[in-house]
K.L.:
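Structure provided below as structure tokens; questions to follow.
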Amino acid sequence: MRWLTLYARSRQVPASLAAMVISAVAVWALAPHAGGKAGNPWLPVLVTTAGVMAASVGLSGQDLALDRSAAIRWVPRRGAHVLLAGAVVASVLLIAQTAGGDTAGTASAVRDSAGLMGLTALGAALWGAPYAWTLPFAWLSFAGFAPPPTSTPMRVATWMLLPPGTPAGTWTATVLAVTGTLAYAVAGPRR
């Protein structure tokens with residue numbers, strides 16, 4: 001077997017991808033019954049959050065000691081893993097939107113998937129892969145109950161629900177993506 005196949009299997013990539021697709025189909029199938037409509041920012045954010053939560057499973061291997069003792073450079077591989085997972089989450093979201101007839105912007109899909117995947121990677125570096133999903137879930141939960149984004153702190157808190165091109169949303173997602181990816185790439189998942 002090739003190293004990429006082994007890496008994908010050890011990181012549970014097929015199961016994560018299946019969970020991403022199933023969650024995207026489920027959200028888009030249930031949206032009309034839950035009062036969802038085209039242009040609703042919650043639908044893409046739910047799909048993106050579910051996707052990064054599914055991808056969080058693969059942020060560590062089966063044996064952390066084996067990963068840490070391997071004679072390969074992990075920093076570029078970990079960084080590429082986070083970036084590729086974010087791209088796959090955005091792709092699944094865009095395909096689901098196209099199939100569902102909702103054409104919310106590519107910019108918001110890329111922004112949200114990059115920011116949430118960075119947040120997930122930061123969670124893996126801080127608490128380990130089994131708990132990496134908690135940061136995006138907690139941030140989404142807070143954004144759901146936050147007051148309207150009239151001030152800068154509230155715009156930062158609800159960055160994933162803001163329209164694309166909003167400076168607070170773009171900068172928050174960028175900072176989360178860069179910080180999380182670098183922390184995970186350099187430190188790896190916590191034991």
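Note that these values count all heavy atoms, side chains included, but never hydrogens, waters or copies made by symmetry. Sequential numbering from 1 along the given sequence is applied to the chain's residues. Computed from a predicted model, the values in this text were never measured in an experiment.
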K.L.:
With a 4.5 Å cut-off on side-chain heavy-atom distances among I, L, V, M, F, W and Y, is there a chain of contacts connecting Phe142 to Leu140?
P.N.:
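Different clusters.
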K.L.:
To the nearest 0.5 Å, what is the distance between CD1 (Ile95) and CE (Met20)?
P.N.:
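Rounded to the nearest 0.5 Å, the CD1-CE separation comes to 12.0 Å.
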K.L.:
If every non-hydrogen atom of Trp159 is compared with every non-hydrogen atom of Ala168, which pair is closest and at what distance?
P.N.:
CB-O, 4.4 Å
K.L.:
Considering non-hydrogen atoms only, spot the tightest contact between Ser108 and Pro164 and give its length.
P.N.:
N-CB, 4.0 Å
K.L.:
Compare every heavy atom of Ala146 with every heavy atom of Met154, then report the nearest pair and how far apart it is.
P.N.:
SD-CB, 4.0 Å
K.L.:
Please find the pair of heavy atoms, one from Pro149 and one from Leu162, that lie closest to each other, and give the distance.
P.N.:
CG-CD2, 4.0 Å
K.L.:
Roughly how far apart are Leu176 CG and Asp112 CG, rounded to 0.5 Å?
P.N.:
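Separation between the atoms: 11.0 Å.
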K.L.:
Return yes if some donor-acceptor pair links the side-chain N/O of Arg155 with the main-chain N/O of Gly169 below 3.5 Å, else return no.
P.N.:
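No; judged by distance alone, with no hydrogens or angles, the pair does not exist.
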K.L.:
Say whether, by atom type as modelled, one donor and one acceptor occur between the side chain of Trp139 and the main chain of Ala157 under 3.5 angstrom.
P.N.:
yes
K.L.:
Under 3.5 Å, which donor-acceptor pairs do the side chains of residues 82-91 form with other protein atoms, sequence neighbours left out?
P.N.:
{"residue": "Ser91", "atom": "OG", "partner": "Ala87", "partner atom": "O", "Å": "2.8"}

K.L.:
How many angstroms lie between atom CG of Leu119 and atom OG1 of Thr172, to the nearest 0.5 angstrom?
P.N.:
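With rounding to 0.5 Å, CG (Leu119) is 11.0 Å from OG1 (Thr172).
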K.L.:
Is there a donor-acceptor pair under 3.5 Å between the side chain of Ser113 and the backbone N or O of Val110?
P.N.:
yes
K.L.:
Minimum heavy-atom separation for Met160 to Leu116, with atom names?
P.N.:
CE-CD2, 4.0 Å
K.L.:
Search all heavy atoms of Ala109 against all heavy atoms of Leu94 and return the closest pair with its distance.
P.N.:
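Heavy-atom minimum between the residues: CB-CD2, 3.8 Å.
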K.L.:
Please give the remaining members of the hydrophobic cluster of Leu182, linking ILVMFWY side chains under 4.5 Å, ordered by chain and number.
P.N.:
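Joined to Leu182, directly or through intermediates: Val178.
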K.L.:
With side-chain contact (heavy atoms from CB on, under 4.5 Å) as the criterion, how do Met117 and Leu59 come out once you've worked through the C-alpha distance, each side chain's angles and the decisive distance to 0.1 Å?
P.N.:
CA-CA 11 Å; Met117 197 63 216; Leu59 292 178; 4.3 Å; yes
K.L.:
Examine distances only and state if a side-chain atom of Thr181 and a backbone atom of Ala177 form a donor-acceptor pair shorter than 3.5 Å.
P.N.:
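It does hold such a pair.
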K.L.:
Just distance, no hydrogens or angles: give the donor-acceptor pairs under 3.5 Å from side chains in residues 47-58, sequence neighbours left out.
P.N.:
{"residue": "Thr48", "atom": "OG1", "partner": "Pro44", "partner atom": "O", "Å": "2.7"}
{"residue": "Thr49", "atom": "OG1", "partner": "Val45", "partner atom": "O", "Å": "2.8"}
{"residue": "Ser56", "atom": "OG", "partner": "Met53", "partner atom": "O", "Å": "2.6"}

K.L.:
Please tell me if the side chains of Trp133 and Thr120 come closer than 4.5 Å, counting only heavy atoms from C-beta onward.
P.N.:
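With C-beta onward as the side chain, the pair stays apart.
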K.L.:
Check the angle between the aromatic planes of His81 and Tyr184 and answer parallel, tilted or perpendicular using the 30° and 60° thresholds.
P.N.:
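His81 vs Tyr184 ring planes: tilted.
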K.L.:
Please check this pair: side chain of Thr166 against backbone of Pro163, looking for a donor-acceptor N/O pair closer than 3.5 Å.
P.N.:
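Flag set: sc Thr166 to bb Pro163 pair under 3.5 Å.
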